[in-house]
Amino acid sequence: MPYCAYCGTQVAQVSFTPCPSCGKPTNGAPRAAAKSGSNAPVVLIFVVIGGLVLLAIIGIIAAIAIPNLLTAMQRSKQKRTMADIRSLATAVEAYATDRNSYPDPEALEQELVPKYIASIPATDGWTTPLRYECWSDSGEAACDSYAIGSAGKDAVFDRDSLRAYEGAGATTNFDADIVFINGAFVQYPDAAQTGG
């Protein structure tokens, strides 16, 4: 006669069938795991909710970062433009020290390159051509004043002549022109910048 491997109760046969006394398999094998329903729908719900939360976080970060990135790009274009204007102005001033007059706009490159500057910056940070003007306040033919300007982000000069910008001051708009006259910026970007 066979006996249950767990409790020793007499059984008809030793097998995986549960013992009537202890409920465990009579052959001593571990009890079969209870079958449960599938967790697939619950897992799917958590995955979908997790994905939506991740998308929301990415959207919030993008909403904060993209405007700041665009503003930083515009500021860098302004800084590059101002550096190029200063470089050209330094070459013009060095030329004037040697010749007692500023170079004519028609012959600017021939007069300055390569003695005073390696190459003349042709465009501003927005790829718009820089403007150089010179004039004579004393009435003589030789130029005794000069101006260098950038049209800014909008690529349009607000005034016909760079000389008209004297006393303009700081601006807070990326579209505003950047103008350098006789050794100083007369219209230039100020702290808070706005698009345009």
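Values in this document were obtained by computation on a predicted structure and should not be read as measured data.
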Please report the interatomic distance [atom1]([X]) to [atom2]([Y]), rounded to the nearest 0.5 Å.
{"X": "Glu111", "Y": "Asp98", "atom1": "CD", "atom2": "CG", "value": "11.0 Å"}
{"X": "Asp154", "Y": "Asp177", "atom1": "CG", "atom2": "CG", "value": "6.5 Å"}
{"X": "Lys77", "Y": "Thr128", "atom1": "NZ", "atom2": "OG1", "value": "9.5 Å"}
{"X": "Arg86", "Y": "Thr90", "atom1": "CZ", "atom2": "OG1", "value": "9.0 Å"}
{"X": "Ile181", "Y": "Trp135", "atom1": "CD1", "atom2": "CH2", "value": "4.5 Å"}
{"X": "Asp175", "Y": "Asp158", "atom1": "CG", "atom2": "CG", "value": "8.5 Å"}

Exercise for the section: Kindly check if the number of other-residue, nucleotide or ligand heavy atoms within 6.0 Å of CG (Asn68) is above 12? Expected result: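 Buried by this count: over 12 neighbours within 6.0 Å.
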On a heavy-atom basis, which atom in [X] and which in [Y] lie closest, and how many Å separate them?
{"X": "Ala170", "Y": "Asp190", "value": "CB-CB, 3.6 Å"}
{"X": "Arg159", "Y": "Ala168", "value": "NH1-CB, 4.4 Å"}
{"X": "Tyr6", "Y": "Cys22", "value": "CB-SG, 4.0 Å"}
{"X": "Ala62", "Y": "Pro67", "value": "O-CD, 4.0 Å"}
{"X": "Ser150", "Y": "Leu130", "value": "CB-CD2, 3.9 Å"}
{"X": "Val113", "Y": "Ser119", "value": "CG2-CA, 4.2 Å"}

With [X], which residues qualify under ring-ring contact (aromatic ring centres under 6.0 Å, His included), at least two apart?
{"X": "Phe157", "value": "none"}
{"X": "Tyr116", "value": "Tyr95"}
{"X": "Tyr165", "value": "none"}

For [X], all residues meeting side chain to side chain contact (heavy atoms under 4.5 Å, CB included), sequence neighbours excluded:
{"X": "Val48", "result": "Leu44, Leu52"}
{"X": "Val53", "result": "Ile49, Ile57"}
{"X": "Thr17", "result": "Ser15, Thr26"}

Please answer: with hydrophobic residues joined when any side-chain heavy atoms are less than 4.5 Å apart, are [X] and [Y] in the same cluster?
{"X": "Trp126", "Y": "Leu162", "result": "no"}
{"X": "Tyr146", "Y": "Val179", "result": "no"}
{"X": "Ile85", "Y": "Tyr102", "result": "yes"}

Within the structure provided, determine whether [X] and [Y] are in side-chain contact (heavy-atom separation under 4.5 Å).
{"X": "Phe174", "Y": "Thr71", "value": "yes"}
{"X": "Pro20", "Y": "Val11", "value": "yes"}
{"X": "Gln78", "Y": "Lys153", "value": "no"}
{"X": "Phe180", "Y": "Gln187", "value": "no"}

Exercise for the section: Would you mind listing every salt bridge (Lys or Arg N to Asp or Glu O under 4.0 Å) that reaches into residues 121-132, with sequence neighbours excluded? Expected result: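 Sorted pair list: Arg131-Glu133.
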Exercise for the section: Any salt bridge (Lys or Arg N to Asp or Glu O under 4.0 Å) involving residues 100-110? Give me the pairs, sequence neighbours left out, ordered by first then second residue. Expected result: none
Problem - Partner of Val92 under side chain to side chain contact (heavy atoms under 4.5 Å, CB included), chosen from Ile117, Thr97, Leu112, Ile120 - result: Leu112
Fill in the blank from the handout: Given the options Thr172, Thr81, Ile178, Asn173, Pro189 meets side chain to side chain contact (heavy atoms under 4.5 Å, CB included) only with Ile178
Completion exercise
Residue set satisfying disulfide bond (SG atoms under 2.5 Å apart) with Cys134, at least two apart, ordered chain then number -> Cys143
Handout entry: Cys4: disulfide bond (SG atoms under 2.5 Å apart) partners, not counting sequence neighbours
Key = none
Exercise for the section: Linking directly or through intermediates, with side-chain heavy atoms under 4.5 Å: list the remaining ILVMFWY members grouped with Val42, chain and number order. Expected result: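 Taking Ile, Leu, Val, Met, Phe, Trp and Tyr as members, Val42 shares its hydrophobic cluster with Phe46.
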Exercise for the section: List, by chain and then residue number, the residues other than Leu54 in its hydrophobic cluster (Ile/Leu/Val/Met/Phe/Trp/Tyr, side-chain heavy atoms under 4.5 Å); write none if there are no others. Expected result: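 Other cluster members: Ile58.
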Problem - Any donor-acceptor N or O pair under 3.5 Å, side chains Asp137, Ser145 - result: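 Asp137 vs Ser145: donor-acceptor pair found between side chains.
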